[in-house]
Amino acid sequence: MPTTSTLPLRILLITPPLTQLNTPYPATAYLTGFLRGRGYHAAQADIGIELVLRLFSAAGLRRVFDAIEAGPYELTDNARRMLRLRHRYEATVEPVIRFLQNKDLTLASRICHGRFLPEAARFDNVADLESAFGTMGLTDQARHLATLYLEDLADLLKETVGPQFGFSRYAEHLGLTATSFDELHQALQTPPNLVDEFMLECFAEVLDREQPDVIGFTVPFPGNLYGALRLAQFAKQQRPAIRTLMGGGYPNTELRGLKEPRFFDYIDFLTLDDGEGPWLRLLEAFSGCQLSVASCQAESKQLAAFATSALATDNSQLATQFQRTFLRNPATGRVEYHNQATTADIPHTEVGTPDYDGLPIQDYLSVIEVLNPMHRLWSDGRWNKLTVAHGCYWKRCSFCDVTLDYIRRYETAPSTLLVDRIEQIVRQTGQTGFHFVDEAAPPLALRDLAIELLRRRVSITWWGNIRFEKTFTPDLCRLLAAAGCIAVSGGLEVASDRLLALMEKGVTIAQVARVTEGFTQAGIMVHAYLMYGFPTETAQETVDSLEVVRQLFQAGIVQSGYWHRFAMTAHSPVGQNPAKYKVQQIGPEPGDFAWNDLWHDDPTGADHEQFGPGLAKALYNYMHGVALHEPLQFWFDELRVPRTTVPRQLIESALTEPGKPDLAKQNMRLFWLGNAPELRLETRHKKGRPTEQAVLTFYEQAEDFELKTTPVIGRWLADLLTRLATDYDAKLLLKEAAASFPAAEAGLGFESFLAAPAWRLLREKGLLLV
């Protein structure tokens with residue numbers, strides 16, 4: 001609990017522009033829930049969505065168009081056309097925003113059929129919407145057209161008054177491979193541009209409303225860094241005694257060697273890795289310092305002086321208080337890193353439930369950028385974000401930052417606690433969609449979560465990140481689907497077994513094919529992360545990878561994908577031991593600011609850059625079911641690529657390999673997706689002889705069905721399925737069911753029963769081994 005003070009600290013947590021339009025980034029919600037659980041006064045705001053809503057309003061567009069007309073901009077023909085249509089944009093922008101917020105869906109007909117929207121360059125290559133959405137997808141058609149409309153306006157901003165603007169990033173180039181702080185510092189010394197002014201106006205209103213003593217900025221991506229620093233600069237100008245903190249994915253990967261003192265003109269304390277522990281240590285120091293905005297008349301650097309002097313005092317209780325925290329020593333002007341705290345990290349079970357209070361849940365925008373049903377999940381729909389486990393249970397992939405805490409430290413939470421959190425979030429937000437944002441959700445933890453959801457009859461819709469490992473059997477996929485799973489995303493990376501082994505992915509192409517088929521057959525969409533340019537990858541392997549991807553799409557077992565160019569990072573096994581992977585680091589040299597992305601030379605690999613456009617073009621078409629039978633050369637224009645050496649039936653052959661028989665699954669748990677059956681005994685006459693049989697009737701959601709067998713087996717099945725249907729805590733293994741099987745009375749061994757039509761029917765209808 002926080003130290004009692006006359007005026008409790010008021011904490012404000014900020015997500016700076018921009019992350020995504022359809023749902024809040026979860027970092028502030030996590031920290032808000034944790035701090036409130038410890039008794040602190042914490043508020044939060046997403047300046048990104050507030051900026052977008054202020055900018056894309058009638059008043060906002062009037063200011064934009066006025067500034068463009070008054071400015072010295074050299075406009076393209078497209079921009080000039082939009083300027084002539086400014087009154088239509090000003091008249092339509094607020095109805096479009098309400099529509100994308102799902103507040104006025106009746107506008108869909110006008111958007112699709114009424115020439116309602118002004119159209120600019122983004123509409124030039126609009127897809128065949130009738131084939132993409134059919135006759136029933138009117139709302140989705142309109143959502144896609146409204147998205148193109150917003151993207152036209154974003155293009156106009158980038159061409160004129162807001163060159164740094166993007167719907168999921170802001171001034172991203174300033175944070176990319178920024179070994180020097182010079183460019184960022186220079187940008188922050190220039191007067192705010194018009195989009196900056198909108199952002200600062202939003203922030204000023206939040207400051208006035210919350211009156212914070214402490215502001216924390218989460219910076220998950222390079223495209224949030226400039227916004228965070230600009231907001232922190234403004235906060236200090238308005239309220240000099242305010243304390244500013246920063247954490248998040250960008251500092252955790254890029255700023256671990258920070259030495260730049262000018263950074264601390266804006267941010268007082270930078271924390272690394274999970275924020276809960278460092279925040280508790282700092283807040284205890286702040287409370288002990290007895291400072292508040294209302295009472296402190298000193299410069300904010302007085303706090304840093306206090307912290308540094310406390311650390312220098314051998315007998316001070318605060319000397320062991322700070323955890324994974326950078327600050328600038330006011331006496332020397334140098335950056336110092338302090339990690340003297342002896343307390344352990346906050347366990348995953350104790351971080352609490354994300355708290356979305358204060359975020360405008362109903363105001364986020366559901367947009368459709370790409371028509372592919374799986375791909376659109378990242379931008380369409382309101383998804384509560386949650387993690388099943390902390391870190392990665394595999395943590396071996398050689399391209400991944402496996403040495404960092406967010407991957408290295410693996411901790412789980414019981415399924416009962418996870419569902420408690422899910423129910424609490426649903427009550428607060430009114431939204432039942434969840435995106436599990438684990439690096440790779442553990443299959444057994446997902447199994448237990450699914451069973452707990454079914455046991456409590458908690459109905460949610462969810463998707464998340466996984467590894468395509470063999471533990472995801474077809475039965476487990478069916479269980480996850482029954483518990484609300486609609487999609488998974490996972491790393492296939494390179495469709496080459498040699499490179500997969502070099503990456504230490506722990507999977508093979510054939511295994512990926514069988515796992516993705518299991519998900520697809522269960523009705524779960526699959527997105528594959530793909531990579532090209534891994535060290536020593538040849539042109540032949542790149543083309544062969546594309547052929548494997550083509551076959552996966554042709555088989556219908558992957559629905560979406562994305563090619564990433566390999567990047568060597570300082571915290572990955574490749575970055576830490578380049579020679580092992582036959583590459584050479586050629587820069588950049590570590591500077592005083594960010595250092596993570598490394599330039600490298602790959603003397604034995606292909607010229608990877610030339611393959612990017614062709615790979616992207618092919619994948620985009622494959623995702624939409626187009627040109628799946630074209631030769632691979634078709635996608636590479638004038639670049640000559642080698643013929644593939646992959647057999648045309650590689651994936652098909654992998655899918656026809658027989659799986660394990662049930663007899664080999666003795667230690668797996670039985671789970672029944674259906675209801676308890678009704679049992680009746682009836683007598684039928686065959687050739688004049690009466691024969692008694694058991695009839696089990698199953699009443700299910702989609703269809704009813706009957707199973708006929710002998711009375712002995714019928715009674716045993718009725719007891720077994722009733723128990724499984726009514727007692728989810730019954731962890732009955734197949735070998736335990738075998739031990740109770742009435743083999744002597746039935747005149748049939750359990751092994752023979754597993755091959756009988758009755759068992760095969762039940763397996764088809766939802767009797768699982770998980």
Side-chain angles (χ1 to χ4, degrees), residues 15-26 28-29 44-61 64 89-108 110-112 116-120 122-123 126 133 137-158 162 165-170 195 198-199 202 220-221 223-224 227 356 358-373 375-385 429-435 461 463:
T15 303
L18 282 146
T19 51
Q20 56 191 124
L21 297 180
N22 64 313
T23 200
Y25 192 77
T28 64
Q44 61 187 324
D46 182 350
I47 303 301
I49 192 64
E50 297 195 20
L51 166 64
V52 167
L53 296 179
R54 183 178 292 254
L55 192 54
F56 294 95
S57 65
L61 287 190
V64 168
Y89 281 105
E90 291 167 13
T92 53
V93 66
E94 290 183 3
V96 166
I97 292 295
R98 285 196 302 272
F99 170 75
L100 292 174
Q101 292 171 327
N102 296 307
K103 295 178 180 178
D104 185 10
L105 296 181
T106 57
L107 191 65
R110 290 198 68 193
I111 291 175
C112 290
F116 179 73
L117 299 178
E119 299 180 5
R122 291 283 182 156
F123 287 78
V126 68
F133 295 105
L138 188 68
T139 300
D140 282 352
Q141 283 189 41
R143 200 180 303 282
H144 179 57
L145 293 171
T147 302
L148 298 177
Y149 164 94
L150 288 186
E151 289 175 340
D152 272 334
L153 287 169
D155 291 343
L156 180 65
L157 287 172
K158 285 183 279 190
F165 182 80
F167 278 124
S168 59
R169 60 189 61 86
Y170 192 56
V195 178
F198 277 94
M199 174 178 68
C202 296
F221 311 114
N224 304 108
Y356 288 90
L359 297 176
I361 298 297
Q362 306 303 324
D363 291 343
Y364 286 84
L365 312 179
S366 286
V367 297
I368 298 180
E369 300 164 348
V370 179
L371 305 186
N372 179 276
H375 217 74
R376 63 186 275 188
L377 292 180
W378 278 273
S379 64
D380 184 23
R382 246 288 296 133
W383 303 102
N384 301 307
K385 308 276 188 174
T429 66
Q431 304 287 335
T432 59
F434 282 82
H435 180 196
T461 302
W463 58 295

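Residue numbers count from 1 along this sequence.
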Rounded distance [0.5 Å steps], [atom1] in [X] versus [atom2] in [Y]:
{"X": "H375", "Y": "I368", "atom1": "NE2", "atom2": "CD1", "result": "13.0 Å"}
{"X": "L157", "Y": "L61", "atom1": "CG", "atom2": "CG", "result": "8.0 Å"}
{"X": "F167", "Y": "L18", "atom1": "CZ", "atom2": "CG", "result": "8.5 Å"}
{"X": "T23", "Y": "N384", "atom1": "OG1", "atom2": "CG", "result": "6.5 Å"}
{"X": "F123", "Y": "L117", "atom1": "CZ", "atom2": "CG", "result": "5.5 Å"}
{"X": "E369", "Y": "L148", "atom1": "CD", "atom2": "CG", "result": "10.0 Å"}

Just wondering, do [Y] and [X] contact through their side chains at under 4.5 Å, heavy atoms?
{"X": "L150", "Y": "R122", "value": "no"}
{"X": "R376", "Y": "L371", "value": "no"}
{"X": "T92", "Y": "P118", "value": "yes"}
{"X": "R382", "Y": "Q101", "value": "no"}
{"X": "V195", "Y": "Y170", "value": "yes"}
{"X": "P16", "Y": "I47", "value": "no"}

Please determine whether side chain to side chain contact (heavy atoms under 4.5 Å, CB included) holds for the pair R143 and L105, giving the CA-CA distance in whole Å, both sets of side-chain angles, and the decisive distance to 0.1 Å. CA-CA 9 Å; R143 200 180 303 282; L105 296 181; 4.2 Å; yes

Check the pair W378, W383 against ring-ring contact (aromatic ring centres under 6.0 Å, His included), reporting the backbone distance first and the verdict last. CA-CA 9 Å; W378 278 273; W383 303 102; over 10 Å; no

Angle between ring planes, F165 versus F56, binned at 30° and 60°: parallel, tilted or perpendicular? tilted

Do N224 and Y25 have side-chain atoms, one donor and one acceptor, less than 3.5 Å apart? no

Can you name the nearest heavy-atom pair linking [X] to [Y], along with the distance?
{"X": "P24", "Y": "D46", "answer": "CA-OD2, 4.3 Å"}
{"X": "P95", "Y": "A91", "answer": "CD-O, 3.6 Å"}
{"X": "V96", "Y": "L107", "answer": "N-CD2, 4.2 Å"}
{"X": "D152", "Y": "E119", "answer": "OD2-C, 4.2 Å"}
{"X": "N102", "Y": "S366", "answer": "ND2-OG, 3.9 Å"}
{"X": "A142", "Y": "C112", "answer": "N-SG, 3.5 Å"}

N/O donor-acceptor pair under 3.5 Å between E94 side chain and A58 backbone: yes

Say whether, by atom type as modelled, one donor and one acceptor occur between the side chain of Y89 and the main chain of Y149 under 3.5 angstrom. no

Which residue is it: T139, T106, L365? I am looking for the one with a side chain to side chain contact (heavy atoms under 4.5 Å, CB included) to F99. T139

